[in-house]
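Structure first, commentary second.
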Number of protein chains: 2
Amino acid sequence: MTSENLGDRYRQYLGCLNTRRLEELDEYVADRLTYNGQARTRQDYREMLAADIAAIPDLHFELQRLIVSADWVAARLWFNCTPEREFLGFRAPGHSISFSEHVFYRFRDGKICEVWSVIDTQAIRAQLEA
Amino acid sequence: MTSENLGDRYRQYLGCLNTRRLEELDEYVADRLTYNGQARTRQDYREMLAADIAAIPDLHFELQRLIVSADWVAARLWFNCTPEREFLGFRAPGHSISFSEHVFYRFRDGKICEVWSVIDTQAIRAQLEA
């Protein structure tokens with residue numbers, strides 16, 4: 001898969017998340033993957049995403065920067081959303097907040113098999129304390 | 001500059017930081033840049049790095065993942081270090097800690113002109129509270 005194709009594929013994956021078509025995740029995510037070094041099944045991964053969406057009904061993955069090379073995708077994602085339940089250990093803020101996530105993905109056979117994610121929890125904390 | 005060359009250049013930049021040759025930053029960093037969307041001069045950037053090193057004398061930038069495309073570099077950096085003074089708003093822990101940074105750089109004429117950084121402060125906080 002070329003870098004351009006892999007970039008397109010990643011955008012389709014985000015589209016799948018943004019339109020809540022989690023039943024299509026098997027097209028984009030391998031049966032088994034690692035998430036920040038921890039072994040996960042695709043079902044685990046789907047449940048994590050479903051829990052995020054349940055806590056943040058208006059969760060939308062906005063792609064601000066995409067860098068693709070060989071089997072790797074690096075993305076800067078931007079979120080402007082209104083959490084309605086506890087998420088990432090934070091209480092629901094009662095208003096919308098904005099924060100970024102910087103995430104690296106390795107693809108194998110066109111599917112995500114390795115994820116390294118850092119979320120800007122410092123920004124979230126600052127908005128909760130404001 | 002090819003992706004390979006830009007990757008090499010970025011490794012040299014990290015070498016410059018790891019050997020504390022901050023006086024050579026003008027080879028790698030543009031006169032003016034943005035850091036997480038904020039305008040900075042190279043001198044501001046150098047002072048930020050010098051302050052980090054003063055707070056964390058054994059600060060070492062370990063490159064765990066490098067993705068390069070066109071003018072962009074995405075890096076997963078790993079730190080295993082012993083902060084001796086307050087850093088990022090955290091007290092000195094009194095022991096070594098480990099954490100990652102996911103950072104995107106745009107280069108112009110071979111020099112860094114735009115930086116987007118997210119540091120895993122959640123991991124730092126967890127190790128301070130442990």
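Chain naming here is simple, since letters A, B, ... match the order of the sequence lines and numbering starts at 1 in each. Hydrogens, waters and symmetry mates are skipped; everything else that's a heavy atom, side chains included, is used. What you are looking at is a predicted structure, and each value in this text was computed from that prediction instead of being measured.
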Just wondering, are more than 12 heavy atoms of other shown residues or ligands nearer than 6.0 Å to CZ in B:Arg20? yes
Of all of A:Gly89, A:Ser100, A:Ala75, which one pairs up most often with chain B through heavy atoms under 4.5 Å apart? A:Ala75
Same apolar cluster: B:Trp116 and A:Trp78, side chain cutoff 4.5 Å: no
Under 4.5 Å from a heavy atom of chain B, the part of A:Ser3 involved: neither
Heavy-atom pairs under 4.5 Å with chain B - which of A:Val73, A:Val68, A:Ile67, A:Ile119 has more of them than the others? A:Ile67
Hey, which of B:Leu88, B:Thr121, B:Val103, B:Val118 has the most heavy atom pairs under 4.5 Å with chain A? B:Val118
For B:Glu4, does the CD atom have more than 12 heavy-atom neighbours from other residues, nucleotides or ligands under 6.0 Å away? no
Assign the ring pair B:Phe104 / A:Phe104 to parallel, tilted or perpendicular, where the plane angle (0 to 90°) is split at 30° and 60°. parallel
How about A:Arg21: does its CZ atom have over 12 heavy atoms from other parts shown lying under 6.0 Å from it? yes
Over 12 non-hydrogen atoms of neighbours within 6.0 angstrom of CZ in A:Arg32: no
Between A:Glu101, A:Gln122, A:Arg125, the one whose heavy-atom pairs under 4.5 Å with chain B are most numerous: A:Arg125
To the nearest 0.5 Å, tell me how far A:Trp72 CH2 sits from B:Arg65 CZ. 4.0 Å
Please tell me whether B:Val29 and B:Leu63 are part of a single hydrophobic cluster in this structure, the criterion being side-chain heavy atoms less than 4.5 Å apart. yes
